[in-house]
Structure formats: C-alpha cells, structure tokens
Number of protein chains: 2
Amino acid sequence: MTSAAEIPDTETVPEEPSGGGEPARVAGGIPEATVARLPVYLRALYTLAERGANTVSSDELAACAGVNSAKLRKDLSHLGSYGIRGVGYDVEYLVYQVSRALGLTQNWSVVIVGAGNLGRALANYGGFLTRGFQISAILDSDPSLVGRPIGPVTVRHVTELESVITSNSVAIGVIATPAGTAQVVCDRLVAAGVTSILNFAPLVLNVPDGVDVRKVDLSIELQILAFHAQRRFAERFGQESDSAAEA
Amino acid sequence: MTSAAEIPDTETVPEEPSGGGEPARVAGGIPEATVARLPVYLRALYTLAERGANTVSSDELAACAGVNSAKLRKDLSHLGSYGIRGVGYDVEYLVYQVSRALGLTQNWSVVIVGAGNLGRALANYGGFLTRGFQISAILDSDPSLVGRPIGPVTVRHVTELESVITSNSVAIGVIATPAGTAQVVCDRLVAAGVTSILNFAPLVLNVPDGVDVRKVDLSIELQILAFHAQRRFAERFGQESDSAAEA
DNA sequence: CGTTGTTTGTGAACGAATGCACAAAGTGCT
DNA sequence: AGCACTTTGTGCATTCGTTCACAAACAACG
Ligand SMILES: NC(=O)c1ccc[n+]([C@@H]2O[C@H](COP(=O)([O-])OP(=O)(O)OC[C@H]3O[C@@H](n4cnc5c(N)ncnc54)[C@H](O)[C@@H]3O)[C@@H](O)[C@H]2O)c1
Ligand SMILES: NC(=O)c1ccc[n+]([C@@H]2O[C@H](COP(=O)([O-])OP(=O)(O)OC[C@H]3O[C@@H](n4cnc5c(N)ncnc54)[C@H](O)[C@@H]3O)[C@@H](O)[C@H]2O)c1
C-alpha cells in the first residue's frame, strides 16, 4: 500500500560537518524559518493527497503553499534528498518525511489552562486531534466551570494541574487565562515539567532556558495590519500621516 | 497635563534618501521586523505608565518587552529621535509616537465573518476595543445564528457583507469560517474594498496585490512546538529520532 | 564652567534568509 | 543507446536582521 516502501530508502540525513556559507547548522539541523514553513507544506501535501495526486513538483507544491519554489526546494533539502529529478516528490512519502521531521510521528498531550471564551473554542476545535495533538485536560480556577463538558473533555480544577501533567506525560501547555494570572500559570507548568508553551495572554512570559514559548497575539496582528493599511492610505492620498480622517 | 506638550517637537521623520548598509528603507520607512515588535513595546509602555513611570530607559523597556536593548533602540530610531540621552524616553510621549507610527491614532472598523466557536470568542473579547479597533459586525451564513447577540453586536447574515463594509468604512476583515468557504469569503471581502485580512482558517488565501493577509494558525504553532520538543528529547536521550516513545 | 556619570543613536561586523540561475540527474521517446 | 526534456538540489549574490561597541549628547553636581 505504502508506495513509500518502493522508494529508495537513502536515509541520508545531512550530517556533514559544515556546508560553507549556509546558516551554520541551526539546532536540529533545520533553520528556524524552514521549521515554520514545514507545517504549511504538510497541509498542502494533505490537500494534494486527498485530490488524488501521487507525485508533485516543487512548482506545484510551492504554489499551493504560497511560497517561492526555490525556497521550497531548499527547505525540503534540509530534511534529506527525497525528490526525483525530472519527476518531483512522492506525495505520500514526503508527508511521512515532513511529519517525522516535525516530530508528528508520536502523539503529543496538550493541556489547556483557562476555560473562558478562547479556551472553550480551542477545546471544541477538532483540528488539533487530526495531527497528533491530543487534549488531555482543560483546567480553570472558576469552580462553577468545573465539571462542564467541553469537546472531548470536562473542565477540571486548576489545582489538578501538576497531577494531570505528570500522569498524562503532558509536554505542551496552552495558556488561555487573563494576562494577570498567566505568569503564575506558566511557572506552574514549567515546574511540573512542561517545556513547550503556547501563550494567548497578552504579556511577555518569563521562562528559564530550555523552555520554548510561542505566543499568539491577535491584538498585535491587528496592529500590524493597521500599520500597513495606514501606509497604503497615506500613499494613496496626501502623505499627511497625522490628524487626518478621524473615523 | 500631557507632558508631551513640553517635549521639543522635533518632527524629524527620517527622510534621507539612503542610509548606507541599512535595510534599504522598507515601505513606510520602517523594517517589517520592527513593525512586528512595535505593538509589544506599546503594551510594555502602557504597563509602565500604569505603574506610574514617567520615563524609561531602553534597558528597562527592552527587559519588559523581552528583547535586546540595542534592538529596541534601533527599532525606535526608525520612528525618529525621541529619547533623551542620559535619561531615557518619556513614557507618555513614546506611547503617542509608537501609536502614531502604527496608525492607532485613528479608529479601525473590523468585521468578523463566521460566528462559530472562534468568531464568538473574538467578538466577546474586550481587548480589541481598547486599542482603537471596533467590531462593526459579525456575520454568519447560518440563519439560526442571525440575531443572536455576541459582545457588542448581534450576528447578521453574511449576505449583508458588502453593505456592512461600505456603510461602516470597514478596512479590516477577520475570517473565522471553515477552510472550505474561506477563499470565497476572502474574495467577497476584497471585492467590497477590504485590503487587510486576518485569517484563522487553515489554508493559504489567494489575494491580489495590494491586499495584506496575516494568518493565525494554531495548529502550525503546535507543530513548531512539537519540533523543538522532539529535538530536546532526542538530545537528552539517544538520538534515535524515529519510532521511539510512542505515547 | 568643567567634570563625572548615564544613556541614546548608530556605524560596522556578523549572521540568517531569500531568490537566481544552472549543473546534475533523472524520465521517456525514438 | 542516444537525445530531448523535465525537475531537483545547491552555489552564489543579495537583501534583511541582529548584536556589539562606542562616540556624541545630555543631566547633575560641585
Ligand atoms: N477571546 C479572544 O478572542 C482573545 C483574543 C486575544 C487575546 N485573548 C487572550 O486570551 C486569554 C483568554 O481570553 P478569554 O477571552 O478566554 O478570557 P475569559 O475571561 O473568557 O477566560 C479566562 C478564563 O481563565 C480562567 N482563569 C483565571 N485565572 C486562572 C488561573 N489562575 N488558573 C486557571 N484558570 C484561570 C477564568 O476563570 C476564565 O474562565 C486572555 O489573556 C485574553 O487576553 C483572547
Ligand atoms: N476554534 C479553534 O480553536 C480553532 C483553532 C484553529 C483554527 N481554527 C479555524 O478557525 C475557523 C473557525 O473555527 P471555529 O471553531 O469557529 O469553527 P465553527 O465551525 O465553530 O464556526 C464556523 C462558522 O462559520 C460559519 N460559516 C460557514 N460558512 C460561512 C460563510 N460562507 N459565510 C459566513 N459564515 C460561514 C458557520 O455557520 C459557523 O458558524 C476554522 O477555519 C478553523 O479551522 C479554529
């Protein structure tokens, strides 16, 4: 079934001491900018696979992913040499290789802290499960929310944070509490052994070395959009960048 | 009251033809990486202001924002020369200047398309209003949701999209629909004149030149976290990066 | 007014990321 | 087999971003 078995299994993980003028072999052997794009490629590959494609060229895949094809090829070359010249990439095999590179061949347990508007939306969302992320629990400090079923789990009290993490081998914590309590929650997650944190609260979290924090800040995204929108307007009309057009 | 009035109003917006080895004067005169950090600085400044600080040094502000102080100073230098050597920056004045640079001195009307889990969480969120973003409407195609009050507005049918945009001068659209309908929604937003889009649907949107799309993809964030987590585990134990520790 | 101490703003070196352009490596047809 | 054609993988130039380190600018104080 898996045509992957028929692909030459040259497990040539790039391991040469040094390339030359390359980004100096970032941790894990893959540049950070590439890592950030791999999930996009993966999604494009799944879409192509559903559409029945067996192979795909770098041009096609790049178009699906919204990037330059040279960039795509260079990104994939960091995982190994999995393409066939003159043909392209085997979709199924590339899905496997990208998944493996990202660490998606194993299941990851996730705990969500904060069962407010956002936490509930996250827990209700089915899209995480599909890619190897399993929600182990959702916690809140509000007693009136405890016991309430949300998606695949029911809300538990935040005092159970440490026990939930250790008994479920949780590696990823999601913070969806107000900013005021986010640092405390973060500290507890870290103390309990969580080393990967996704933060929705609008503040800069302090964590020790070895802990990886990514933030999702919708307010910041809107402000960046506003900047460019302002720039476009200033360009189009006079360049009076101030005190004009108060809505 | 505003000590800003007592600050020398040297409106020296950097306008020299070319710096030298500098990032070649990105559109708007401010490098993209800097724009992405300005909102973080702004938030740190508000926090400091609430704490009663009148002035702040680049070291302090950088610490609050979680960045290098040299980077902070270079970022701020793109807005103008608003610091006082030997003292630091006037907090209130810097808030004003950063806000102005970001285009936050005017109000921005936002429309949310999709009143599902995520759209409702967004509309309920008060944090947008506080920084000059006003939710004009939330739209959905599901008739059973129309009329339902969410936060400051009530759900309206998506057929009203065009009229809502034109009558409210909406410049920013938020897409919170399933991936299957996101491109269609996007096309309609663009056709109606929206040039800034915040996309939550997991797909790459196609837009014409002149339209600015930013995406928020939680699934991608988790996958990036998984990559680094895997790397840490592989480092700690043997470097068998495959078929190990199935949860 | 000069001296001391502090902090900004920036030149310059370094490092990371992008995109071009092409040789190398493959397919498929005759 | 030989040839034409396609597509990968990558060397290289360029652009963009970060960080160091320091001169210039300002305050404070005697
Ligand atoms: N909702 C949005 O669209 C949105 C947008 C941008 C940012 N955010 C941020 O995301 C976070 C959550 O937003 P929200 O709208 O869900 O807020 P919310 O107020 O609806 O929910 C917060 C929840 O966290 C719980 N909580 C408080 N302290 C806790 C603690 N110590 N331990 C466990 N739970 C605790 C509260 O009981 C509450 O249920 C906030 O920081 C907010 O600023 C939300
Ligand atoms: N909820 C999350 O935590 C989460 C996380 C990551 C990504 N996302 C993405 O965000 C999007 C929304 O997620 P959700 O959980 O709110 O989904 P949802 O299914 O709860 O809500 C989607 C809403 O969009 C409406 N809709 C469908 N087609 C429409 C159209 N053409 N015009 C207007 N409205 C339309 C539906 O009626 C529904 O109310 C999805 O693309 C999802 O993949 C959500």
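Reminder, nothing fancy here: chain letters follow the sequence lines and each chain counts from 1. This is a predicted model, so every value here is computed, not measured.
The side chain of B:S58 contributes an N or O atom lying less than 4.0 Å from OP1 or OP2 of C:dT8. Side-chain N/O atoms of A:R85 include none lying less than 4.0 angstrom from OP1 or OP2 on C:dG28. Neither OP1 nor OP2 of C:dA17 sits under 4.0 Å from any side-chain N or O of A:N68. Side-chain N/O atoms of A:Y89 include one lying less than 4.0 angstrom from OP1 or OP2 on D:dG9. Proximity of B:K71 to the phosphate of D:dT19: a side-chain N or O atom is located under 4.0 Å from OP1 or OP2. Distances shorter than 4.0 Å separate none of the side-chain N or O atoms of A:Y82 from OP1 or OP2 on D:dT7.
Ring geometry, B:F233 versus A:W108: the interplanar angle falls under 30°, so the pair is classed parallel (tilted spans 30 to 60°).
When each of A:A33 and B:D59 is assigned the nucleotide of DNA chain C with its nearest heavy atom, B:D59 is the one assigned upstream, toward the 5' end. With DNA chain C read from its 5' end, the first of the two nearest nucleotides for B:L76 and A:V87 is the one closest to B:L76.
Checked by atom type, the side-chain pair A:S196/B:R232 shows a donor-acceptor distance below 3.5 Å.
Exactly one of A:L189, A:T181, A:L118, A:I112 qualifies for a side chain to side chain contact (heavy atoms under 4.5 Å, CB included) with A:I175. That residue is A:L189.
When every heavy atom of B:C186 is checked against every heavy atom of B:I197, the shortest pair comes out as SG-CD1, 3.8 Å.
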